[in-house]
Amino acid sequence: MALNVIKLGGNEIDSAEFLSAFVQAVAAAPEPPVLIHGGGKEITALGNRLGMVEKRIEGLRVTDADYLQVVEMMLGGVINKRLVRALNLAGANAIGLTGADLNLMRAEKLLNPHGDLGFVGHITTVNGEAIRMFTSRGIVPVVAPIGFGFDGQPYNINADHAALALAQGVNADALMFVTNVPGVKIDGAVVPHLSLADVEAQIASGQINGGMIPKARSAVEAVSAGVRSVVICDLDGLRRSGGGTIIS
């Protein structure tokens, strides 16, 4: 049974039109994937409404105790359950999870040489057996990127990093980054395949630029860490086999 891990970004989740089409595609898939989602945009919006000041270090949100409550509320609650409801309405059998459920994602504090990130963590272990227990029964696990430590402390996890750890932990056949772009474009056209060396060369040449750089580098990291292949695609690529850009 093939198992794919799909990472869905917060900007995509925020679009009702995109979300509706996405859950239809997942519900129609022959085998249930594992979903992991972000939600940074909505976390920031709620933090602003509560008068919190957002701080970032190298793109990672500094998460103090107050901001951690917002992260848990939005990622583990509002956003996760929105996805689960939408999937179940579309005909899938979905369940929402965080790292605390079934010891799914254990984590430790992430140390950064450029400053203290607070309660931001990195995943140390994944309970892949629990994930496969769900998928083998036709259930789509929907995972919020919140880990927890061996002392019980919850940690905010970067969604791309969590997707990588989850793909490794379940020995996934592919890790898919589903976005609003059809794949990696070189000279204006989507390329069907890139090697790890190709990615770095095209970043250096400027062909891969802007928001595609972190996606492509996350793909390189995933393949280097043992994930068989990474696919960067849009909804059309998700619906049809071979769509988007495969990095391997």
Same hydrophobic cluster for M73 and L50, using side-chain heavy-atom links shorter than 4.5 Å among ILVMFWY? yes
Is the backbone of L3 close enough, under 3.5 Å, to the side chain of E31 for a donor and an acceptor to pair up by distance? no
Between L87 and R82, is the side chain to side chain contact (heavy atoms under 4.5 Å, CB included) condition met? List the steps. CA-CA 9 Å; L87 283 161; R82 182 193 308 152; over 6 Å; no
Check this for me, if you would: do K109 and D151 make a salt bridge, where the nitrogen-to-carboxylate-oxygen distance has to be below 4.0 angstrom? no
I want to check something: taking the side chain as every heavy atom from C-beta on, are L35 and L8 in contact at a cut-off of under 4.5 Å? no
Partner residues of P182 under the side chain to side chain contact (heavy atoms under 4.5 Å, CB included) criterion, sequence neighbours left out: K185, V190, D234
To the nearest 0.5 angstrom, please state how far the CE atom of M74 sits from the CD1 atom of I79. 4.5 Å
Can you name the residues that form a side chain to side chain contact (heavy atoms under 4.5 Å, CB included) with E54, not counting sequence neighbours? T44, R56, R61, Y67
On a heavy-atom basis, which atom in A25 and which in L238 lie closest, and how many Å separate them? CB-CD2, 4.0 Å
Residue K81 excluded, over 12 heavy atoms near NZ under 6.0 Å: yes
Distance check, rounded to the nearest 0.5 Å: L194 atom CG versus I246 atom CD1? 10.5 Å
I95 vs V140 side-chain heavy atoms within contact, under 4.5 Å: no
Close side-chain approach of P154 and L68, heavy atoms under 4.5 Å: yes
All heavy atoms of N80 vs all of V143, minimum pair found to be ND2-C, 4.0 Å
How far apart are the C-alpha atoms of I123 and R106, what are their side-chain angles, what is the distance that settles it, and do they pass the side chain to side chain contact (heavy atoms under 4.5 Å, CB included) test? CA-CA 6 Å; I123 296 170; R106 290 286 189 144; over 6 Å; no
Do you reckon V184 sits in the same ILVMFWY cluster as V199, going by side-chain contacts under 4.5 Å, direct or chained? yes
Partner residues of E72 under the salt bridge (Lys or Arg N to Asp or Glu O under 4.0 Å) criterion, sequence neighbours left out: none
For F134 versus L97, what's the shortest heavy-atom pair and its separation? CE1-CD1, 3.9 Å
Scanning both residues in full, the closest heavy-atom pair of T124 with A107 reads OG1-N, 4.0 Å
Decide yes or no on side chain to side chain contact (heavy atoms under 4.5 Å, CB included) for V23 and L19, but give the supporting numbers first. CA-CA 6 Å; V23 297; L19 183 58; 4.0 Å; yes
Hphob cluster co-occupancy, I131 + F148, side-chain heavy atoms under 4.5 angstrom: no
Checking the side chain of N48 only, and the main-chain atoms of A45 only, is there a donor and an acceptor separated by less than 3.5 Å? no
Test your reading of the model: is there a side-chain donor-acceptor pair from S20 to the backbone of A16, 3.5 Å cut-off? no
Would you sort out whether N88 and R85 count as a side-chain hydrogen bond (donor to acceptor under 3.5 Å, both in side chains), showing the intermediate values? CA-CA 5 Å; N88 287 333; R85 287 195 303 270; over 6 Å; no
Does the side chain of L175 come within less than 4.5 Å of V231's, by heavy atoms? no
So R217 and D160, salt bridge (Lys or Arg N to Asp or Glu O under 4.0 Å) or not? Walk me through it. CA-CA 10 Å; R217 285 207 162 128; D160 284 343; over 6 Å; no
For D64, give me all partners under salt bridge (Lys or Arg N to Asp or Glu O under 4.0 Å), at least two apart in sequence or on another chain. none
Pair E221, S224: side-chain N/O donor-acceptor within cut-off below 3.5 Å: no
CZ on F119 to CG on N156, rounded to 0.5 Å: 11.5 Å
Between C233 and G244 the two heavy atoms that sit nearest each other are CB-CA, 3.8 Å
Would a single hydrophobic cluster contain both L75 and V78, if residues Ile, Leu, Val, Met, Phe, Trp and Tyr are joined by side-chain heavy-atom contacts under 4.5 Å? yes
Apply the hydrophobic cluster definition, ILVMFWY joined by side-chain contacts under 4.5 Å directly or through others, and give me every member besides L117. I57, L60, V62, L110, V120
CA sep, side-chain torsions, deciding dist, call: M52, V70, side chain to side chain contact (heavy atoms under 4.5 Å, CB included): CA-CA 10 Å; M52 298 178 176; V70 173; 3.7 Å; yes
Are side-chain heavy atoms of Q69 and T63 found at a separation under 4.5 Å? no
With sequence neighbours excluded, residues passing side chain to side chain contact (heavy atoms under 4.5 Å, CB included) with S195: A197, D198
For the student: nearest non-hydrogen atoms of A94 and V142, plus distance: CB-CG2, 4.1 Å
N4 side chain to P33 main-chain N or O, any donor-acceptor pair under 3.5 Å? no
Report whether M105 and M133 are members of the same hydrophobic cluster (ILVMFWY, side-chain heavy atoms less than 4.5 Å apart, transitive linking). yes
Rounded to the nearest 0.5 Å, what's the gap from CZ on F177 to CD1 on I36? Could you check? 10.0 Å
Roughly how far, to the nearest 0.5 Å, is OG1 of T179 from CD1 of I232? 7.5 Å
Counting distance only, does the side-chain N/O of K7 pair as donor-acceptor with the main-chain N or O of H37 below 3.5 Å? no
Does a side chain donor of either H193 or T245 reach within less than 3.5 Å of an acceptor in the other side chain? no
